[in-house]
Amino acid sequence: MSFRNEEYHPYQEYQKHHEPDPVDSSGIDFKAYNSLEDLEKLWKDTLNTGIHGICFSMYEDGQQPGDHITMEQVERRIGILKPYTKWVRSFSCIEGNEYVPQVAHNKGLKTLVGAWLSNDLDKNELEIEALIDLGKKGFVDIAAVGNEVLYRNDLSIEQLLKYIKRVKKALPNIPVGYVDAYYEFVVHQELVQHSDVILTNCYPYWEGTHIDYSLGHMNDMFHQVLSVSQGKRVIITETGWPSQGESLREAHSSAINAMKYFINAQRWSSQNDIDLFYFSSFDESWKKGAEGEVGAYWGLWDKLEQLKF
């Protein structure tokens, strides 16, 4: 998940030079929902209607990346998500993460499967080989070669493109892309050129946007990518809003704002036929740290696997 520099204001710069996009991004008038109970009901109705995709939260309380996770844990969590989603997105292909696409496919869900790339080149080899293996076994519907690698400055664009080309050659019948913040595709057109599908993360929260303007901001993020996509399908691979923790400028983390953002994002994506993966499924305590307290509260379910609202 992207953690943005507070001094970065791409939305304001974009507004100066572009007319509003022709897609209605005003969202719901929540003034019609006079009580918290009314809002919670609308949130539940939206979830029960079903969503396109959700990002899989791997780790229970006390676990963190590097721990090996059992298939039983993955099966339990996929079972919780199955009634609500068509797709599941995973972020790694090793240390138990390889179970996610296997279990999801066995339960009739489609998968966006990611290989986690970093500056650890030896581990990258394990990830890439595992992704290729899963793809050849039929567990991958879309392959994501890396997540926010350029944003973190973990690899050069040349190194990243070599991995992308390698996976495309090994899996010629599976759409292959790379996940990063929306503006990276504007800056690096070669990413678009070498991807079969454009996979973009869009977070109004991390750019300090007030909840009332968040849907319009995400709409503009999406259209920035769409404008350079060369006609390829653009998928929002992450967007979300935290239910508690610190605020960032005008973006306030709260249960009410988390509900509003989820409702608006789902309705906007459905009405405009935009594939969207919501971040995230379950709260994960290990994400406190660089992101602050807020990092642990992005789930639709809490860390005990109970729906929040």
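The basis for the numbers below is simple: all heavy atoms, side chains too, and nothing from hydrogens, waters or symmetry mates. We're numbering straight along the sequence, starting at 1.
- Side chains of R89 and N147: a donor on one and an acceptor on the other come within 3.5 Å.
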Start with the C-alpha gap between W116 and F91, add the side-chain angles, then the distance that decides, and say whether ring-ring contact (aromatic ring centres under 6.0 Å, His included) holds. CA-CA 6 Å; W116 185 266; F91 292 79; 7.1 Å; no

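- When each of Y183, W298, Y261, Y278 is checked for a ring pair (Phe, Tyr, Trp, His ring centres under 6.0 Å) with Y203, only W298 meets the rule.
- Using a 3.5 Å distance cut-off with no hydrogens or angles, the side chains of S57 and S280 do pair a donor with an acceptor.
- No more than 12 heavy-atom neighbours from other residues, nucleotides or ligands sit within 6.0 angstrom of NZ on K303.
- Both V100 and L109 sit in one connected hydrophobic cluster of ILVMFWY residues. Membership requires side-chain heavy atoms under 4.5 Å apart, directly or through other members.
- Annotation: cation-pi pair R77/F56 absent, no NZ/CZ under 6.0 Å from the ring centroid and within 45° of its normal.
- Looking at Y178 and D180, their side chains do bring a donor and an acceptor atom within 3.5 Å of each other.
- A donor-acceptor pair shorter than 3.5 Å can be found between the side chains of D61 and S285.
- Annotation for K110: atom NZ does not count as buried by contact number, only 12 or fewer foreign heavy atoms lying within 6.0 Å.
- Nearest heavy-atom pair, S253 versus S247, reported as atom, atom and distance to 0.1 Å: N-OG, 3.7 Å.
- When all heavy atoms are compared, the tightest approach of D196 to I174 is OD2-O, 3.8 Å.
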